[in-house]
Amino acid sequence: MITEDIVLASYVNGDFKCTLYSSGTFTKESSVVNPKAAFPSSIDVKITNYCNMPCAYCHEDSTTKGRHGDISLLLDQLAILPEGIELAIGGGNPLAHPNLLQFLYAVKQQGKYANITINQGHLTQYRSLIQELVVNDLVKGIGVSIVNVASLPTWLTSTAQERVVLHMIAGVHTVKDVLTMLELGAPRKILVLGYKTFGRGITYFDKTVEDNLQSWIIYVRSLFDKCLLSFDNLGIEQLKLKRFFSEEMWNKLYMGDDFTHSMYIDAVEMQYAPTSRSSTDQRVNYSNIIDYWNSAHN
Amino acid sequence: MNTIQTRHNLFETNSSSTHSITIIESKLGDVLETLYPNKDNKIVIGGYDFGLSVHEYYGAEAKASYCAIYIRDWIQKKEKDKDRYLSVLIKTIQDQVGAPLEVVLPSENTGYIDHQSVENRDIDYLFEVPELLREFIFNPKSVLVTKGD
């Protein structure tokens with residue numbers, strides 16, 4: 001079935017004209033050299049540090065002792081940003097936040113587009129909540145952090161196939177794991193994340209992870225014609241991805257360095273940072289997002 | 001100058017950074033290829049016979065084979081810097097593979113290039129500019145054509 005790709009949002013952001021489509025496609029158009037954004041078009045938002053999954057490589061170091069962020073304060077922070085921007089909501093386990101629905105309805109009311117990342121291990125437990133998010137269009141994209149190479153539940157793939165993006169970590173997972181997931185009928189949108197030596201990822205890193213990363217570098221090209229494949233900046237660097245592209249093609253596909261069009265909010269600690277990997281001294285307490293962005297970019 | 005950067009067909013779900021590049025299956029025409037190691041973790045380039053018949057080669061291994069045989073049989077005849085060109089070829093392959101794996105080139109008795117297929121001109125310039133060599137071998141749109149008179 002072919003569905004029309006309609007414009008969800010179109011706005012000017014500094015030197016860019018940004019357009020977000022219903023397929024998830026996002027374009028940034030500019031006619032100046034070294035264009036700059038006036039605000040983040042995408043914000044990585046950590047709403048909780050609570051999680052009951054014992055992922056040994058969790059770079060957020062989330063546990064059952066983790067706290068939830070204050071949603072009201074977070075909404076106040078976001079309110080000054082224009083309509084059309086995207087939020088990538090995560091945790092911890094964001095589904096465990098007691099005010100998640102209230103937050104998502106408010107985000108929608110603000111004209112912003114929420115996406116969420118959830119752990120594969122939580123799909124069954126939170127089935128009704130996830131379905132509510134989809135039915136009410138409270139989230140657009142659903143990232144599923146893959147823990148085990150296994151089929152995803154059909155209730156998810158049948159109702160939200162186009163929204164689901166599998167998140168797989170280079171080093172934790174292998175190229176073969178990706179192929180196996182595809183063979184098992186998983187949605188064909190894959191995000192490959194670089195391995196973060198951060199949080200529990202520091203102690204998890206061993207020879208196996210190192211060997212897996214090396215194998216990714218060599219075999220990643222074999223995935224290019226198998227699915228819609230995307231990478232984060234760390235993955236691009238670790239997998240030496242640029243070697244496959246001409247400069248012209250790279251300039252069209254590469255969305256920009258971290259903190260040139262995106263930033264990070266830790267709603268638990270009530271702090272801003274360039275990315276979730278930013279060190280403590282790069283994090284600043286809540287004040288005004290636009291001022292924070294401008295002071296960092298001017 | 002007008003530039004358009006595009007994230008294709010997915011929303012920004014990444015809650016640890018951003019989707020910084022998306023690769024679409026149907027738009028792979030300009031994406032460079034690579035070579036994969038064998039079970040012994042070596043990159044083995046076979047010895048192709050580049051004869052008089054008209055043939056077009058697009059694959060990376062065939063084009064790498066041509067380069068290796070060219071250096072072996074034609075550079076040598078011209079007493080040029082064979083070893084330096086070989087080093088450039090091997091490093092170009094390793095860089096594209098992404099790892100310093102052993103590269104096994106065609107042995108003395110395998111593969112040949114008929115003189116007609118050298119087209120009365122050398123391709124030495126490829127080994128002077130590694131980026132050009134990389135494009136020639138790994139760009140699926142770069143074609144090696146062999147032919148007679």
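Sequence lines set the chain letters: A, B, ... in the order given, protein chains first and strands last, and positions in each chain run from 1.
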Show your working on side-chain hydrogen bond (donor to acceptor under 3.5 Å, both in side chains) between A:T25 and B:N9 and close with a plain yes or no.
CA-CA 4 Å; A:T25 292; B:N9 294 339; 3.1 Å; yes
Next item on the list: Evaluate the criterion side chain to side chain contact (heavy atoms under 4.5 Å, CB included) for residue pair B:D30 and A:F245; output intermediate values, then yes/no.
Entry: CA-CA 7 Å; B:D30 292 324; A:F245 301 91; over 6 Å; no
request  = Before giving the answer on side chain to side chain contact (heavy atoms under 4.5 Å, CB included), spell out for A:F244 and B:Q96 the whole-Å C-alpha distance, their side-chain angles and the decisive distance to 0.1 Å.
outcome  = CA-CA 8 Å; A:F244 297 114; B:Q96 190 64 14; 3.5 Å; yes
As a quick check of understanding, evaluate side chain to side chain contact (heavy atoms under 4.5 Å, CB included) for B:I23 and A:S230, giving each step before the final call. CA-CA 6 Å; B:I23 300 164; A:S230 60; over 6 Å; no
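The choice from A:D225, A:I43, A:L229 that makes the most heavy-atom pairs within less than 4.5 Å of chain B is A:L229. Ranked by heavy-atom pairs shorter than 4.5 Å toward chain B, the options A:Y113, A:Y254, A:F16 are led by A:Y254. Among A:G141, A:S23, A:G143, the residue with the largest count of heavy-atom pairs under 4.5 Å with chain B is A:S23. The candidate with the highest count of non-hydrogen atom pairs below 4.5 Å against chain B, out of A:V220, A:I217, A:L223, is A:I217.
The parts of A:K140 that come within reach of chain B are both its backbone and its side chain, each placing non-hydrogen atoms under 4.5 angstrom from that chain. At a 4.5 Å heavy-atom cutoff, the contact between A:I142 and chain B is made by backbone atoms alone. Only the backbone of B:D95 comes within contact range of chain A, with at least one heavy atom under 4.5 Å from a heavy atom of that chain. Residue A:K46: no heavy atom, backbone or side chain, is found under 4.5 Å from chain B. Contacts of A:I236 with chain B are made by side-chain atoms alone, with heavy-atom separations under 4.5 Å and no backbone atom involved. For chain B, the nearby part of A:N251 is the backbone; its heavy atoms alone come within less than 4.5 Å. Contacts between A:S222 and chain B at a heavy-atom distance below 4.5 Å involve backbone atoms as well as side-chain atoms. For chain B, no part of A:I47 is nearby; none of its heavy atoms comes within less than 4.5 Å. When heavy atoms are compared at a cutoff of 4.5 Å, B:E131 does not approach chain A at all. Neither the backbone nor the side chain of A:E162 comes within less than 4.5 Å of any heavy atom of chain B. There is no contact between A:F259 and chain B, counting heavy-atom distances below 4.5 Å. With a 4.5 Å cut-off on non-hydrogen atoms, A:L241 touches chain B through its side chain but not through its backbone.
Summarising the geometry, atom OG belonging to A:S246 is positioned 7.5 Å from atom CG belonging to B:L32; distances are rounded to the nearest 0.5 Å. Rounding to the nearest 0.5 Å places CD of B:Q5 at 12.0 Å from NZ of A:K252. Of the inter-residue distances, the one linking B:I4 atom CD1 with A:T19 atom OG1 reads 9.0 Å to the nearest 0.5 angstrom. To the nearest 0.5 Å, atom CD1 of residue A:I218 and atom CD1 of residue B:I43 are 7.0 Å apart. Here the CZ atom belonging to B:F11 is positioned 6.5 Å from the OG atom belonging to A:S22, to the nearest 0.5 angstrom. Distance check: B:T22 OG1 to A:F231 CZ gives 10.0 Å after rounding to the nearest 0.5 Å.
With A:E29 as the partner, the side chain to side chain contact (heavy atoms under 4.5 Å, CB included) test is satisfied by one option alone out of B:T6, B:T3, B:N2: B:N2.
A donor-acceptor pair under 3.5 Å is formed between the side chain of A:T117 and the backbone N or O of B:T13. Between the side chain of B:R7 and the backbone N or O of A:M255 there is no donor-acceptor pair closer than 3.5 Å. Without hydrogens or angle criteria, A:R243 side chain to B:T34 main chain gives no donor-acceptor distance under 3.5 Å. One N or O on the side chain of A:E86 and one on the backbone of B:E12 form a donor-acceptor pair closer than 3.5 Å.
A 6.0 Å sphere centred on NZ of A:K226 holds more than 12 heavy atoms belonging to other residues, nucleotides or ligands. Counting non-hydrogen atoms of neighbouring residues, nucleotides and ligands closer than 6.0 angstrom, the CD atom of A:Q214 exceeds 12 such neighbours.
Side-chain contact between B:L10 and A:L228 is present, with heavy atoms from C-beta onward closer than 4.5 Å. Here the side chains of A:L253 and B:H8 are in contact, with some heavy-atom distance below 4.5 Å.
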